[in-house]
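Please read the structure below before turning to the comments.
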Amino acid sequence: MELIQRVQFQPLGDARGELYALEGLKNIPFEIKRIYFMRGMHADSPRGFHAHVNLKQVAICVTGRCRMVLDDGKRRESTILDSPSSGLLIGNLVWREMHDFSDDCVLLVVASQYYDESDYIRDYKDFLKRVIHQ
Ligand code: TYD
């Protein structure tokens with residue numbers, strides 16, 4: 001399976017502006033339990049640097065741009081998020097890093113689980129041990 005998996009959203013806009021609808025088990029490939037968004041990031045302050053045991057997410061850059069690095073322990077790939085019509089599916093046990101935020105970046109994330117700190121793997125060596133033994 002590809003490490004970088006995109007989810008496309010059809011713009012439903014008209015002359016009044018753009019509209020995007022996200023629906024669990026329809027264009028989002030899981031039931032949505034949580035939505036959060038990030039704004040006010042800085043180009044020189046990358047974020048993420050963790051994986052999740054069970055959580056699946058789709059990240060959508062609704063405004064601006066950022067660079068996402070995904071790493072499954074075997075492959076490490078980078079992709080630019082700069083369109084509200086193309087989300088990035090981030091599976092469980094995938095290390096993610098977010099870099100190079102534009103000043104206007106707003107990153108919307110839909111998640112398959114409620115927030116749970118015990119689901120995080122924050123140490124890269126622990127992550128590698130975990131994926132090697134899966
Ligand atoms: P974190 O996931 O560490 O952010 P990032 O990976 O983007 O750097 O979250 C930052 C803080 O926000 C951390 O203290 C946990 C908290 N948080 C919640 O309380 N609820 C949430 O849904 C999320 C995503 C984070």
Side-chain angles (χ1 to χ4, degrees):
M1 194 192 290
E2 297 296 318
L3 182 55
I4 304 292
Q5 290 184 64
R6 292 289 187 155
V7 182
Q8 303 299 334
F9 306 112
Q10 192 64 38
L12 303 170
D14 54 30
R16 298 168 300 163
E18 295 169 31
L19 188 153
Y20 298 88
L22 313 181
E23 296 182 290
L25 300 177
K26 290 191 175 173
N27 55 4
I28 298 293
F30 48 75
E31 281 187 40
I32 299 168
K33 285 241 179 93
R34 176 165 55 109
I35 297 172
Y36 60 94
F37 56 89
M38 287 176 262
R39 60 192 286 269
M41 291 80 79
H42 301 286
D44 56 358
S45 299
R47 302 188 61 137
F49 298 90
H50 63 256
H52 286 280
V53 180
N54 293 309
L55 185 71
K56 296 179 178 61
Q57 297 180 301
V58 172
I60 306 140
C61 196
V62 294
T63 297
R65 76 190 289 281
C66 69
R67 182 170 62 87
M68 271 283 185
V69 174
L70 298 187
D71 180 334
D72 66 0
K74 299 185 196 79
R75 298 167 293 182
R76 186 178 176 86
E77 294 178 19
S78 189
T79 189
I80 302 291
L81 297 190
D82 62 359
S83 167
S85 62
S86 178
L88 178 67
L89 177 62
I90 309 172
N92 59 317
L93 294 176
V94 173
W95 184 265
R96 88 286 318 272
E97 299 172 10
M98 290 158 262
H99 296 266
D100 304 339
F101 296 104
S102 62
D103 287 346
D104 61 346
C105 180
V106 177
L107 193 64
L108 178 76
V109 182
V110 292
S112 65
Q113 303 292 333
Y114 298 119
Y115 174 71
D116 175 7
E117 183 59 36
S118 71
D119 191 68
Y120 280 72
I121 307 170
R122 293 193 182 273
D123 182 274
Y124 188 71
K125 284 185 186 152
D126 289 345
F127 165 70
L128 285 182
K129 277 188 222 153
R130 182 74 191 239
V131 290
I132 286 163
H133 292 119
Q134 74 174 314

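Not measured: the values here are computed from a predicted model. Order of listing sets the numbers, starting from 1, for every ligand and every atom in it.
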Pairwise distance OG(S85) to CZ(R6) - rounded to 0.5 angstrom: 9.5 Å
R47 (side chain) donor-acceptor with E97 (main chain) under 3.5 angstrom: no
Donor-acceptor pair, side chain of R122 and main chain of Y120, under 3.5 angstrom: no
Side chain, backbone, both or neither: the part of E117 lying under 4.0 Å from ligand 1 by heavy atom: neither
Nearest-neighbour protein heavy atom for atom 2 (O) of ligand 1, which is reported as residue plus atom name and distance: Y120 OH, 2.7 Å
M38 neighbourhood, listing ligand 1 atoms whose heavy-atom distance to it stays under 4.0 Å: 7 (O)
Over 12 non-hydrogen atoms of neighbours within 6.0 angstrom of CZ in F37: no
Proximal atoms of ligand 1 relative to R34 (non-hydrogen, under 4.0 Å): 21 (C), 22 (O), 23 (C), 24 (C)
Atom 17 (N) of ligand 1: the protein heavy-atom neighbour that sits closest, reported with distance to 0.1 Å: Y115 CE1, 3.6 Å
Worked check of side chain to side chain donor-acceptor pair (under 3.5 Å) between Q57 and Y36: CA-CA 11 Å; Q57 297 180 301; Y36 60 94; 2.8 Å; yes
Over all atoms of both residues, closest heavy-atom pair of D123 and K125: OD1-N, 3.0 Å
Protein residue, atom and distance nearest to atom 10 (C) of ligand 1, heavy-atom basis: R47 NH2, 3.9 Å
Option among V58, I60, L81 that satisfies the side chain to side chain contact (heavy atoms under 4.5 Å, CB included) test with L88: L81
Within-cutoff protein neighbour (heavy atom, under 4.0 Å) for atom 23 (C) of ligand 1: yes
Nearest-option assignment for atom 8 (O) of ligand 1, heavy atoms, candidates P46, A59, G48, S45: G48
Atom 12 (O) of ligand 1 protein-contacted, heavy-atom criterion under 4.0 angstrom: no
Ligand-residue contact atoms, ligand 1 with R122, heavy atoms, under 4.0 Å: 3 (O)
Side-chain heavy-atom pair L107, C61 within 4.5 angstrom cut-off: yes
For atom 6 (O) of ligand 1, closest protein heavy-atom neighbour: H50 CE1, 2.7 Å
